[in-house]
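All chains are named by letter (A, B, ...) in the order of the sequence lines, taking the proteins before the strands, and each is independently numbered beginning at 1. Because the structure is a prediction, the values reported are computed rather than measured.
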There are 2 protein chains.
Amino acid sequence: MFGWKINFPNLCVRITQSYFVMNEKGNYCYEYPRPALTTDCVIFGFDGVEIKILLIERGTDPFKGKWALPGGFVNMDEDTEACARRELFEETGIKDLFIEQLYTFSDVNRDPRGRVVSVSYYALVKIADYEIQAGDDASKAKWFSMSDVPSLAFDHDRILRVAFQRLKSKIRYQPVGFELLNEQFTMRELQSLYEAILEVQLDRRNFYKKIMKMEILIPTQEKEANTPHRAGRYYRFDREKYQELSNKGFNFEL
Amino acid sequence: MFGWKINFPNLCVRITQSYFVMNEKGNYCYEYPRPALTTDCVIFGFDGVEIKILLIERGTDPFKGKWALPGGFVNMDEDTEACARRELFEETGIKDLFIEQLYTFSDVNRDPRGRVVSVSYYALVKIADYEIQAGDDASKAKWFSMSDVPSLAFDHDRILRVAFQRLKSKIRYQPVGFELLNEQFTMRELQSLYEAILEVQLDRRNFYKKIMKMEILIPTQEKEANTPHRAGRYYRFDREKYQELSNKGFNFEL
DNA sequence: ATTCAATGTGTAAAAAATACGCAAAGATGT
DNA sequence: ACATCTTTGCGTATTTTTTACACATTGAAT
């Protein structure tokens, strides 16, 4: 319905009340000025010890050479979430991941190129699945520890701060942590994840009892390999069971 | 830096990488199509019994005659929050209120006029301050009970649902309820507010003890008037004390 | 066999949430 | 003056949840 390429200069395409004129250069013309719309994505991973985020080194100005969040301009035939997923895939090869809208940043001067409004998302990925792809293609993507993030392009420092804050509060009352772990994980990994995000120490035994009482973990028969000690059992998150319990009024909380 | 009115036809104004051309009709022209950007605002009030929301009757198509959330297009020199506040003031006379970003709605077909992305906000107002203004000016603004909201224009039904959900979860761990009450309020009013939003019944005595233990309420010497029984004491929310406690790690929770 | 962390269960103490009881206050109407 | 009605403020017993830590056992690797 919108954005057809029409090659008559100054043809006015009327769509109810909003319309654009296309001039001889093929530009899109509107009666009132419009901000450009982009999405940016904060991608969190977990390496077993620390929370990491994926950044892209900018190849063009502005901020050429600086690290930035993956993102780009919204197309006319996609909503912002689709845009975030597309950009993510194009820039890092990551797809099919947990993604959720974070906040829309709209400061008038947040982009030196002009008025650009960014709808930001945060995503949780199983870092092992993407470690390789991220590093090898043309775009310079790299995982950084949260404690080791360089100063970022645009207002991306701020976006990152907001995202981490959100992750921190989200993980306490929604079972999103599992998105950061492999399909199978040990109790110790799960606990370490919570400790890394919440920045606290937890008692192993109480943690175990609390999480087991929820009945949302399926113990598998498999165990860790190559440990110098007794191998930990692998568990998997039971999404269906969680949905079921959730519908009955159960609230995940840790 | 952006959006200067320049009267030479087809003059290209280059701002780093983003630019617009102004054609002979005074239109704003861009190399790529852009969605229009609006804000919409869900305004909550509390009349002592029920949660209410403020709606505007649309005077023009599309959805002429339907009720909708107050909102409008974002100007180039204001961020989205400023836009939401401005539109709110223009359409309802309300200013200086609690406002917070809710979510950005970007479905490709959410507006029949074309591609329009809406950054939505929700606001909490002391209903008594605005009851009169809302009804009297040209725009037809009206308070509706949550239980009695008509079908709304655009995707505003959905926005409203999301907003109420947010209010419900927000009020449990942030002291935002006070924004809905007068500067002074009785214990009963505060409790009724929580009961209305959370849709539960609370024990008066436990509620009293819990809220008093937080030490964020200042009891005044004033009391209700014209009650057929013992008048309730007025309290006020101690913002500074809350800030102070909050910095020390105190978490409001009810 | 030794080492070392994981496993799984138990339990006691502390803290928080829940459910009521009750006497007194005080504003209004009769 | 009295009856009515709801707030006020404190008390308290019970249940539930959280927290802290003990302990015996398992099992992979060297």
Side-chain angles (χ1 to χ4, degrees), chain A residues 48-49 171-173 181-182 184-196 198-238 245 248-254, chain B residues 48-49 169 171-173 175 181-182 184-196 198-238 245 248-254:
Chain A
V49 179
I171 203 169
R172 295 196 47 210
Y173 61 93
L181 298 171
N182 293 329
Q184 304 200 133
F185 48 85
T186 65
M187 208 45 93
R188 176 90 218 117
E189 287 169 341
L190 185 60
Q191 187 182 334
S192 295
L193 172 64
Y194 273 85
E195 291 179 334
L198 298 177
E199 300 175 286
V200 292
Q201 289 282 95
L202 302 170
D203 181 85
R204 178 189 66 75
R205 295 151 295 186
N206 293 336
F207 182 85
Y208 173 84
K209 276 182 286 190
K210 197 161 190 173
I211 205 97
M212 288 309 271
K213 204 167 70 177
M214 296 186 194
E215 301 187 293
I216 54 173
L217 290 194
I218 305 172
T220 72
Q221 295 318 309
E222 291 171 71
K223 308 195 165 177
E224 284 181 296
N226 305 318
T227 56
H229 50 75
R230 175 176 178 183
R233 176 194 293 277
Y234 281 121
Y235 296 85
R236 45 178 76 241
F237 174 51
D238 191 341
L245 290 172
K248 284 183 190 160
F250 164 78
N251 279 310
F252 180 93
E253 198 179 328
L254 206 133
Chain B
V49 179
S169 65
I171 203 169
R172 294 196 48 209
Y173 60 93
L181 299 172
N182 294 328
Q184 304 200 134
F185 48 84
T186 66
M187 207 46 93
R188 175 90 218 118
E189 285 169 341
L190 185 61
Q191 187 183 332
S192 296
L193 172 64
Y194 274 86
E195 290 179 335
L198 298 177
E199 301 175 286
V200 292
Q201 289 282 95
L202 302 170
D203 181 85
R204 180 189 65 77
R205 295 152 293 189
N206 292 335
F207 182 85
Y208 172 85
K209 275 183 285 190
K210 197 161 189 172
I211 206 95
M212 288 309 271
K213 205 167 69 176
M214 294 185 193
E215 301 187 293
I216 54 174
L217 291 194
I218 305 171
T220 71
Q221 294 319 309
E222 292 170 71
K223 308 194 165 177
E224 282 182 297
N226 306 318
T227 56
H229 50 74
R230 176 176 175 180
R233 176 193 293 278
Y234 281 122
Y235 295 86
R236 45 179 75 240
F237 175 51
D238 191 340
L245 290 171
K248 283 183 191 160
F250 163 79
N251 279 310
F252 180 93
E253 198 177 329
L254 205 133

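- B:Glu189 approaches B:Gln184 most closely through the heavy-atom pair OE1-O, 4.3 Å.
- When all heavy atoms are compared, the tightest approach of A:Phe207 to A:Leu254 is CE1-CD1, 3.8 Å.
- If you take OH of B:Tyr235 and C1' of D:dT8, they are 7 Å apart, rounded to a whole angstrom.
- Listed here is the closest heavy atom pair of A:Glu215 and A:Leu245: O-CD1, 4.3 Å.
- Separating the CE atom of B:Met214 from the C1' atom of C:dA16 is a distance of 12 Å, rounded to the nearest angstrom.
- The distance between atom CZ of B:Arg205 and atom P of C:dC20, rounded to the nearest whole Å, is 9 Å.
- Of the charged side-chain nitrogens involved, at least one lies within less than 4.0 Å of a carboxylate oxygen, so that A:Arg188 and A:Glu195 count as a salt-bridged pair.
- Applying the 4.0 Å criterion to OP1 and OP2 of D:dG9, one finds that B:Lys209 has every side-chain N and O outside that range.
- Residue order along DNA chain C, read from the 5' end via each residue's closest nucleotide, puts A:Gly232 first among A:Gly232 and B:Asp203.
- When the C1' atom of C:dG26 is taken as reference, atom CZ of B:Arg230 falls 6 Å away, rounded to whole Å.
- Looking at heavy-atom distances under 4.0 Å, A:Met187 makes contact with sugar-phosphate atoms alone, never a base.
- Among the nucleotides C:dA5, C:dA27, D:dT19, the one closest to the side chain of A:Asn206 is D:dT19.
- Rounded to a whole Å, the NE2 atom of B:His229 is 16 Å from the C1' atom of C:dA24.
- Protein atom CZ of A:Arg233 is 15 Å distant from nucleotide atom C1' of D:dA28, rounded to whole Å.
- Looking at B:Arg204, its side chain comes within 3.5 Å of the base of D:dT8 through a donor and an acceptor atom.
- Heavy-atom distances to DNA chain D give each of A:Pro228 and B:Glu224 a nearest nucleotide, and the one nearer the 5′ end belongs to B:Glu224.
- In this structure, A:Asn226 reaches the D:dA29 phosphate: one of its side-chain N or O atoms is under 4.0 Å from OP1 or OP2.
- Separating the OH atom of B:Tyr208 from the C1' atom of D:dT8 is a distance of 6 Å, rounded to the nearest angstrom.
- Here D:dT17 presents its P atom at 6 Å from NZ of A:Lys213, a figure rounded to the nearest Å.
- Here the closest heavy-atom approach between residue A:Leu217 and residue A:Phe237 is recorded as CD2-CA, 4.1 Å.
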